[in-house]
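Inspection log for the structure reproduced underneath, given as structure tokens.
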Number of protein chains: 2
Amino acid sequence: MNNRVEEAPLTFISGEIRTGPGAMQNLSIDCVIFGFHQGRLKVLCVKYAIGPHAGCWALPGGWLHNAESIDGSAARHLRDLTGLEDIYMEQLQAFGSVDRVPDSRIVTIAYYALVRPEDYELIIGYTTTDVQWRDVDNISGLIFDHDEILRCALQSLRHKVRHEPIGFNLLPKKFTLLQLQELYEAILNVKLDKPNFRRKMSKMKLLVPCGEKQQHVAHRAAELYRFDEAIYQRLCEQGFTFEV
Amino acid sequence: MNNRVEEAPLTFISGEIRTGPGAMQNLSIDCVIFGFHQGRLKVLCVKYAIGPHAGCWALPGGWLHNAESIDGSAARHLRDLTGLEDIYMEQLQAFGSVDRVPDSRIVTIAYYALVRPEDYELIIGYTTTDVQWRDVDNISGLIFDHDEILRCALQSLRHKVRHEPIGFNLLPKKFTLLQLQELYEAILNVKLDKPNFRRKMSKMKLLVPCGEKQQHVAHRAAELYRFDEAIYQRLCEQGFTFEV
DNA sequence: CCACATAATGGTCAAAAAGACCACTTATGA
DNA sequence: TCATAAGTGGTCTTTTTGACCATTATGTGG
């Protein structure tokens, strides 16, 4: 998977007040990029190296350009930062208090993305202070209203993950039922019963067994499953609704 | 209830490309204002009298001003159009395709509002072609991407109404359980069982009996109930979640 | 004054789902 | 071989859902 962190166009991050060519002056995009690692929910944060906010942490983002849609802009920022494309990404909402950015009037449209560990492996190893995966529970002091944006994104994720099968976007393509359960436990901050969770999942016939098992584990190897978008669509047409 | 429909500042509706003083040039606000009347879910639409879109229907909206927050701007547009204040209002999302408005680049932030029949009585009687409550199922051909915005708002409302007690904002302060049921049936387009619906509602202890009954009805008078925000907050703190 | 229509209200009952808990299986490292 | 950690299957009770029937209250029209 391509990783272009070192080329991240920091001059376009919205913490920089200076706009680039073709930018829309008063409209920025911010991205809340969630990842799941070692049983913890993480968010990608950037640290400014230059400009008025040098040393400050922020959500990654940048200016909206004239020639791109807002969805396209969010995808561009994610790609520029991580090299990832075709990632689950969704608009959170716009943030537009008058004084959210000192000395200028900038409305930002926040997006959140869910990325798979297999896709961001390279980033995790990245050791500069510029970009870092941080525990969601342990973040504060971001610039502007980014703390609030994150809080909002987290709330939206917690709600959405219970009613739509988007959690799979945080797991590898092939995963075990226990991994899935641990994902939900981490996001929702609850403890679930293993057999019951397993039964619930299999009853909705949403997961496809890969016919493979875990390798090199110090215990009985678990069956690997995958999420099938087509099956989900078909179930939805029959009036199916995903729950927890 | 004050009603200032005739003073609605049509020149600031976003269908007019010309911006007003203090406006932000490329940012508009559009409002999806829902009402409930005679068992039908309605939306407030405006018809342009002048300008390039004369005769066209649109969602009400206008420019975002420099000195106001986006939430404040949405509230201002609602007030200018209907005279209503302190109405349930929430951001839907931003719409920002490059070509959503011909010949200019305008990002719009859509809001939706729920208004009570007792509040909009005066508007219903308003007979000009400028502003009209229209059946949600029967709307198409709005300008720009307003059809899509409406579709989005409707989907969001349908989802939200099932998981949060916001439906009450469409009913009078005092309402019967049947009115509430009919509201849900209209929004969700389903048929519900009366005794079961009643039991479900009373079991969550969210509604407060007013101690009054319906008057002048040609059948057994129903108890009137009201929604109590404080009770809801208290229940939420105990881990309560509203469902259907 | 008496049926009648309409809606409120109360009750039952079976099916389905949720949740708690126990028991056993399987693969690996010590 | 044995302890361990995780997979897997089972049971049981409680809750919830949904369907349906019965009764009660209130105004209307004959």
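Convention: sequence-line order gives letters A, B, ...; per-chain numbering from 1.
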> With Arg198(B), which residues qualify under side-chain contact (heavy atoms from CB on, under 4.5 Å), at least two apart?
Replying inline: Leu177(B)
> Where along residues 176-193 of chain B does a heavy atom come under 4.0 Å from DNA chain D, residue by residue in number order?
Replying inline: Asp193(B)
>> Once side-chain contact (heavy atoms from CB on, under 4.5 Å) is applied, do any residues pair with Gln214(B), and if so which ones, sequence neighbours excluded?
In response: Thr176(B), Val217(B), His219(B), Ala221(B), Ala222(B), Leu224(B)
> How many angstroms lie between CZ in Arg151(B) and CG in Leu142(B), if you round to the nearest 0.5 Å?
Replying inline: 12.5 Å
> Nucleotide range of DNA chain C contacted by chain B, 5' to 3', under 4.0 Å to a heavy atom?
Replying inline: dT6(C) to dT12(C)
>> Below 4.0 angstrom, which residues in residues 197-220 of chain B have at least one non-hydrogen atom near DNA chain D?
In response: Arg199(B), Lys200(B), Lys203(B), Val217(B), Ala218(B), His219(B), Arg220(B)
> To the nearest 0.5 Å, what is the distance between CG (Leu59(B)) and OH (Tyr112(B))?
Replying inline: 14.5 Å
>> Going by side-chain hydrogen bond (donor to acceptor under 3.5 Å, both in side chains), name the residues that satisfy it together with Lys160(B), two or more places apart in sequence or in a different chain.
In response: Glu90(B)
>> Going by the rule salt bridge (charged side-chain N to carboxylate O under 4.0 Å, His left out), which residues pair with Lys200(A) if we only count those two or more places apart in sequence or in a different chain?
In response: none
> Side chains of Asn196(B) and Asp193(B): donor-acceptor distance under 3.5 Å anywhere?
Replying inline: yes
> According to the ring-ring contact (aromatic ring centres under 6.0 Å, His included) rule, which pairs have a member within residues 164-213 of chain A, sequence neighbours left out?
Replying inline: Phe168(A)-Phe175(A), Phe168(A)-Phe227(A)
> Excluding sequence neighbours, so at least two apart, what forms side-chain hydrogen bond (donor to acceptor under 3.5 Å, both in side chains) with Gln233(A)?
Replying inline: Glu229(A)
> Who are the salt bridge (charged side-chain N to carboxylate O under 4.0 Å, His left out) partners of Asp71(A), not counting sequence neighbours?
Replying inline: none
> With sequence neighbours excluded, what pairs up with Arg234(A) under the side-chain hydrogen bond (donor to acceptor under 3.5 Å, both in side chains) test?
Replying inline: none
> Once the angle between the rings of His163(A) and His163(B) is folded into 0 to 90°, is it parallel (under 30°), tilted (30 to 60°) or perpendicular (over 60°)?
Replying inline: tilted
>> For chain A and DNA chain D, what are the first and last nucleotides along the strand, 5' to 3', with at least one atom under 4.0 angstrom from a heavy atom of the protein chain?
In response: dA5(D) to dT11(D)
>> I want to confirm an ordering. Mapping Ala221(B) and Pro195(A) to their closest nucleotides on DNA chain C, which one lands closer to the 5' end?
In response: Ala221(B)
